[in-house]
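Computed from a predicted model, the values in this text were never measured in an experiment. Numbered from 1 within each chain, the chains take letters A, B, ... in sequence-line order.
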Number of protein chains: 2
Amino acid sequence: MPGRCGSQYADHPRRICAAFRRMTIPRQAILDILNTSKHHMSAEDIYLAVHQFYPQIGLATVYRTLELLTQEGLVSRFEFGDHKARYEIVRSDQTHHHHHLICIKCGRVVEYSDFIDEELDLIKRVEAGLTEKYNFNIKTHLIQFYGLCGQCQIQQ
Amino acid sequence: MPGRCGSQYADHPRRICAAFRRMTIPRQAILDILNTSKHHMSAEDIYLAVHQFYPQIGLATVYRTLELLTQEGLVSRFEFGDHKARYEIVRSDQTHHHHHLICIKCGRVVEYSDFIDEELDLIKRVEAGLTEKYNFNIKTHLIQFYGLCGQCQIQQ
DNA sequence: CTCCTTATTGATAATGATTATCATTTGCAT
DNA sequence: ATGCAAATGATAATCATTATCAATAAGGAG
Ligand SMILES: [Mn+2]
Ligand SMILES: [Mn+2]
Ligand SMILES: [Zn+2]
Ligand SMILES: [Zn+2]
């Protein structure tokens with residue numbers, strides 16, 4: 001089934017090759033889970049999901065793979081307030097770009113992509129300005145809003 | 001020296017009273033350090049700074065106090081990438097509002113307030129839209145840019 | 001000022017997500 | 001098919017943060 005590195009990952013074959021020198025069963029399994037499951041999975045969520053198909057894959061490998069994918073920009077790592085990183089695959093399709101709205105009481109996370117165009121437009125301009133002034137080569141940005149969700153506003 | 005709760009903290013006396021039911025030496029010391037020291041201190045940085053004046057104050061108290069101040073919005077907690085929270089006092093003076101630019105290689109953190117007006121203007125509009133659509137009562141936002149600083153661009 | 005309640009503290013143990021270690025396995029270029 | 005470096009899995013170690021709990025002290029009532 002493998003073939004050459006990343007060949008079955010039509011979305012990112014080249015970048016997967018850059019991230020991985022070798023394509024292995026564990027890496028394929030982890031990529032599959034990331035591609036098919038819901039967003040915002042913790043390392044352990046991913047480990048458990050992978051574990052159903054390949055019980056021998058270890059948690060350390062999950063962490064190592066996520067680290068590589070994050071470095072390479074194929075995966076985004078988020079921190080929503082419980083000291084536990086969450087991961088989601090980055091679609092090459094730019095229409096999936098979104099930011100997060102986080103309830104500071106119950107931890108609920110809402111993805112929004114309303115206003116995203118406006119936001120990205122401003123971000124692009126700010127990035128250009130910051131690059132010039134501070135000589136930073138900017139790779140990514142993080143925008144999150146924090147507040148109380150509807151439920152948590154009611155409960156005092 | 002104490003007087004009544006928060007009396008000597010001209011900046012936020014009312015909010016400090018809301019955060020603290022009792023004003024104590026450790027809390028005064030921690031507030032003093034936050035007000036006078038540089039930004040982006042870790043809990044341990046603050047502990048060590050406080051320790052020079054009051055060696056008996058414990059690290060747990062520093063964490064507890066920072067938690068309270070953060071809840072009350074008097075202090076902002078940031079996560080810059082080394083799994084270690086950083087804290088900075090929130091000035092009531094809005095002119096100190098700033099965002100952060102973080103080097104993903106060496107960890108350097110740059111504060112910028114260029115473009116801040118434009119950013120805050122957009123943020124305000126986005127907040128209004130999100131409040132309406134998702135029924136969130138938004139309290140704070142987080143905007144960070146990640147990339148390579150000048151130094152780290154050179155070193156390969 | 002003294003007393004009393006209870007918020008707060010300091011010392012310390014526990015937690016838990018993440019990282020390091022290392023012997024073994026395996027992808028894959030030759 | 002072979003050899004070697006990359007990758008793995010089991011497990012121990014790390015370390016920032018949180019929980020525990022007996023002792024202390026802030027500050028309101030009298
Ligand atoms: Mn998301
Ligand atoms: Mn800052
Ligand atoms: Zn909520
Ligand atoms: Zn750098």
B:Glu44 and B:Lys84 ion-paired at < 4.0 Å:
no

Establish, with yes or no, whether the OP1 or OP2 oxygen of D:dA25 is under 4.0 angstrom from a side-chain nitrogen or oxygen of B:Arg22.
no

Using only side-chain N and O atoms of A:Arg64, determine if any of them is under 4.0 Å from OP1 or OP2 of D:dG9.
no

Tell me: CG of B:Leu59 to P of D:dA19, nearest whole Å?
14 Å

OP1 or OP2 of D:dA7 under 4.0 Å from side-chain N/O of A:Arg27
yes

Give me the ring orientation class for A:Phe145 and A:Tyr112: parallel if the planes are under 30° apart, tilted from 30 to 60°, perpendicular past 60°.
tilted

Provide, to the nearest angstrom, the distance between the OH atom belonging to B:Tyr47 and the P atom belonging to C:dT12.
11 Å

Please state how far atom CG in A:Asp82 lies from atom C1' in D:dT18, giving the value in whole angstrom units.
14 Å

In terms of the angle between their ring planes, are B:His99 and B:His97 parallel, tilted or perpendicular, with boundaries placed at 30° and 60°?
perpendicular

Which nucleotide in D:dT11, D:dA7, D:dA16 has an atom nearest any side-chain atom of A:Ala60
D:dT11

Rounded to whole angstroms, how far apart are CD on B:Gln28 and P on D:dA25?
14 Å

Kindly work out whether a path of hydrophobic side-chain contacts (I/L/V/M/F/W/Y, heavy atoms less than 4.5 Å apart) joins B:Val110 to A:Ile123.
yes

A:Tyr63 side chain N/O closer than 4.0 Å to the phosphate oxygens (OP1, OP2) of C:dT18?
yes

Between A:Met23 (CE) and C:dT26 (P), how many Å, whole number?
17 Å

B:Thr24 side chain near C:dT9 phosphate (N/O to OP1/OP2, under 4.0 Å)
yes

Establish, with yes or no, whether the OP1 or OP2 oxygen of D:dA7 is under 4.0 angstrom from a side-chain nitrogen or oxygen of A:Thr61.
no

Nucleotide C:dA17, atom C1' - distance to CE of A:Met41 in whole Å:
17 Å

Please tell me which of the listed nucleotides, C:dT19, D:dT8, D:dT17, lies nearest to the side chain of B:His83?
C:dT19

First of A:Ile57 and B:Tyr87 reached from the 5' end of DNA chain D, by closest nucleotide
A:Ile57

Separation of C:dT8 atom P from B:Ile16 atom CD1, nearest Å, is 14 Å

Rounded to the nearest angstrom, tell me the gap between atom CZ in A:Arg21 and atom P in D:dT8.
13 Å

A:Arg77 and A:Glu88 ion-paired at < 4.0 Å
no

Among D:dT17, C:dT18, D:dG9, the one nearest any side-chain atom of B:Ala85 is D:dT17

